[in-house]
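What follows is a set of notes on a single structure, which appears directly below.
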Amino acid sequence: MKKIITPSALLNLNKRYENTKWAQRDQERVGYLARRMSLLEKEEKELIIKLTDQFCYIDYLEVPQYLKKTFGNFLSNNNQCDKFIIAPLKSPFVSRLTKDSAGRNLTQKIKSSDFCYTTLKNTFIKSEYAKNLHFYFCDTPQAIKQNFKNTCKIAFIDDFIGSGETAVTNINEYLSYFQCEGVNVNASQLSIVVIIAMKEGIDYINSHIKKVNSYCYFSKQKGITGSPELNTKSNVDLMKSIENKVLQNLNRDFSFGYKSSESLVSIMEKSPNNTFPFYWYKGKDGQNGELEPIFRRNIQ
């Protein structure tokens, strides 16, 4: 098994991906890809090339336009309504408060939904929409309650739907919050607006919360088992072999991506854990050398 990167292999990858935004944004990425591929056999390399060719990379400069277009689709499908509440897709409740040595509550981790919601809010131009429409950007659950009207629609904003489980949990917790606060909200008034969604995640949401609509700019199938070209037992076995070679310490919860989502996604330089771990999980090269992730999850 080859364990070095040949100049020709690196040159071929550079030529193949030189026009991709992900390679242009960080020129080290092709080298990270080549180093991981040097551990693989021919058929395994061919599978990785086919998957990498499909990779959906959204940089931070593209986020506003995709959010705006998806939000516009949401508005078009709710054109009988003139009042809209916009909020981040996250739980209305705070869990596991961390305190300092003086007993004071410390700030919480920022969610991707916070960034996407704030981006839409800060780039929103009211004059681009019909004058009869009313928009209420609500940073908190209390603000939603204060601005809620029986005829309004609520759009929860995020960047990505993977398995759909987190979205379902967040929506159910909001429904619980509304019920406790005496706010008579019907699930049909709620929608999810994201940039990218896995089709399986949308199906999961639809099967667990009736009447909640989901809107996305990009809808994605599973990379291997959702692909007409790649959906073979041989390719599934190849990916298992790849994970065993490159990611020897892989948490099995992330095999083929969280909940076996088989995603090929990176948004704002960060890869969701639903993406194949080959791209984001730190690995070993067989000589105790660390393999840098091609698309990171965290900065460390």
Side-chain angles (χ1 to χ4, degrees), residues 1-62 160 196 218 220-227 229-232 234-251 254-258 261-300:
M1 183 170 61
K2 252 182 184 175
K3 302 211 170 148
I4 60 170
I5 307 169
T6 65
S8 61
L10 185 56
L11 180 61
N12 288 338
L13 286 175
N14 272 316
K15 286 183 177 179
R16 189 178 192 94
Y17 297 116
E18 64 184 355
N19 293 322
T20 63
K21 288 185 179 179
W22 59 263
Q24 293 173 351
R25 178 68 66 185
D26 184 350
Q27 295 180 357
E28 296 292 330
R29 284 190 173 121
V30 174
Y32 297 153
L33 173 62
R35 191 175 175 198
R36 290 183 176 224
M37 287 180 62
S38 70
L39 303 176
L40 307 179
E41 304 296 340
K42 181 176 181 293
E43 288 185 340
E44 295 167 339
K45 291 177 181 178
E46 290 172 351
L47 175 60
I48 290 299
I49 288 292
K50 289 176 181 177
L51 292 174
T52 306
D53 286 350
Q54 301 175 42
F55 207 93
C56 184
Y57 170 82
I58 307 295
D59 73 24
Y60 66 95
L61 295 174
E62 297 174 299
F160 176 69
I196 305 175
F218 298 100
K220 296 293 182 181
Q221 295 278 5
K222 288 187 171 187
I224 295 177
T225 61
S227 166
E229 176 193 358
L230 300 180
N231 184 20
T232 65
S234 173
N235 282 331
V236 171
D237 291 340
L238 283 174
M239 180 52 76
K240 290 177 181 177
S241 174
I242 291 168
E243 289 184 349
N244 289 334
K245 288 177 181 177
V246 180
L247 311 170
Q248 297 171 13
N249 297 319
L250 176 66
N251 180 333
F254 300 123
S255 180
F256 284 64
Y258 181 68
S261 297
E262 301 181 35
S263 304
L264 293 162
V265 171
S266 177
I267 306 174
M268 296 179 291
E269 311 304 330
K270 182 178 179 180
S271 180
N273 60 17
N274 307 85
T275 290
F276 285 104
F278 174 85
Y279 293 97
W280 61 267
Y281 207 92
K282 280 194 173 182
K284 299 287 185 182
D285 63 6
Q287 300 172 353
N288 294 321
E290 281 201 346
L291 294 170
E292 288 296 324
I294 305 161
F295 301 96
R296 66 170 176 82
R297 269 196 57 73
N298 299 294
I299 297 176
Q300 293 179 338

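Quick note: residue numbers are just sequence positions, from 1. If you're wondering where the values come from, they're calculated on a predicted model, not measured in any experiment.
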- For R36 and L291, indicate whether the former's side chain and the latter's backbone hold a donor-acceptor pair under 3.5 Å. yes
- Q54 and K220, any side-chain heavy atoms less than 4.5 Å apart: no
- Task: Please name the residue in the list N251, N244, N249, L250 that meets the side chain to side chain contact (heavy atoms under 4.5 Å, CB included) test with L247.
- Result: L250
- Please walk me through it: do R29 and Y57 pass side-chain contact (heavy atoms from CB on, under 4.5 Å)? CA-CA 12 Å; R29 284 190 173 121; Y57 170 82; 3.8 Å; yes
- Message: Just so I know, are the side chains of N274 and V265 near enough to count as touching, which here means a heavy-atom distance under 4.5 Å?
- Response: no
- Query: Heavy-atom distance under 4.5 Å between the side chains of Q24 and Y17, does that happen here?
  - Reply: no
- Task: Could you go through the side-chain contact (heavy atoms from CB on, under 4.5 Å) check for R25 and L61 one step at a time?
- Result: CA-CA 11 Å; R25 178 68 66 185; L61 295 174; 3.8 Å; yes
- Message: Do the side chains of D59 and K21 get close enough for a salt bridge, i.e. N-O under 4.0 angstrom?
- Response: no
- When rounded to the nearest 0.5 Å, the distance separating CD of E292 from CD of E28 is 9.5 Å
- Hey, is the main chain of S227 close enough, under 3.5 Å, to the side chain of N231 for a donor-acceptor pair? no
- Message: Once salt bridge (charged side-chain N to carboxylate O under 4.0 Å, His left out) is applied, do any residues pair with K42, and if so which ones, sequence neighbours excluded?
- Response: E46
- Message: Let's go through K245 and E41 carefully: what are the C-alpha distance in whole Å and the side-chain angles of both, what is the deciding distance for side-chain contact (heavy atoms from CB on, under 4.5 Å) to 0.1 Å, and is it a yes or a no?
- Response: CA-CA 10 Å; K245 288 177 181 177; E41 304 296 340; 3.4 Å; yes
- Item | Side chain proximity check, L13 to I49, heavy atoms < 4.5 angstrom | yes
- Item | From CG (L10) to CZ (R35), nearest 0.5 Å | 12.5 Å
- Query: Taking E269 for the side chain and R296 for the main chain, is one N or O donor matched with an acceptor at less than 3.5 Å?
  - Reply: no
- Any idea which heavy atoms bring F278 and M37 closest together, and the distance? CZ-CG, 4.4 Å
- What one should report as the nearest heavy-atom pair of G223 and L264 is CA-CD1, 4.1 Å
- Interatomic distance, OG@S263 vs CZ@F256, rounded to 0.5 Å, equals 13.0 Å
- Message: Quick one about T52 and Y279 (side-chain donor to acceptor, distance below 3.5 Å, no hydrogens or angles considered), yes or no?
- Response: yes
- Message: Tell me which one of V236, L238, T232 satisfies side chain to side chain contact (heavy atoms under 4.5 Å, CB included) with I224.
- Response: V236
- Query: For M268 and Y60, which heavy atoms make the closest approach, and how far apart are they?
  - Reply: CG-CA, 3.9 Å
- Pairing residues for R16 by the salt bridge (charged side-chain N to carboxylate O under 4.0 Å, His left out) criterion, not counting sequence neighbours: D53
- Query: Roughly how far, to the nearest 0.5 Å, is the CG atom of L230 from the CG atom of N235?
  - Reply: 5.5 Å
- Query: What do the steps show when you test I58 against F160 for side-chain contact (heavy atoms from CB on, under 4.5 Å), and what is the final call?
  - Reply: CA-CA 11 Å; I58 307 295; F160 176 69; over 6 Å; no
- Is there a side-chain contact between F254 and T275, using heavy atoms and a 4.5 Å cut-off? no
- Minimum-distance pair of heavy atoms, taken over all atoms of P277 and G257: CD-N, 3.4 Å
- Side chains of I48 and M239 in contact at under 4.5 Å (non-hydrogen atoms): yes
- Task: For Q221 and G226, work out which heavy atoms get closest and say how close.
- Result: CB-O, 3.6 Å
- ring pair (Phe, Tyr, Trp, His ring centres under 6.0 Å) with F295: which of W280, Y281, W22? W22
- Item | S261 side, atom OG; K222 side, atom NZ - distance, nearest 0.5 Å | 6.5 Å
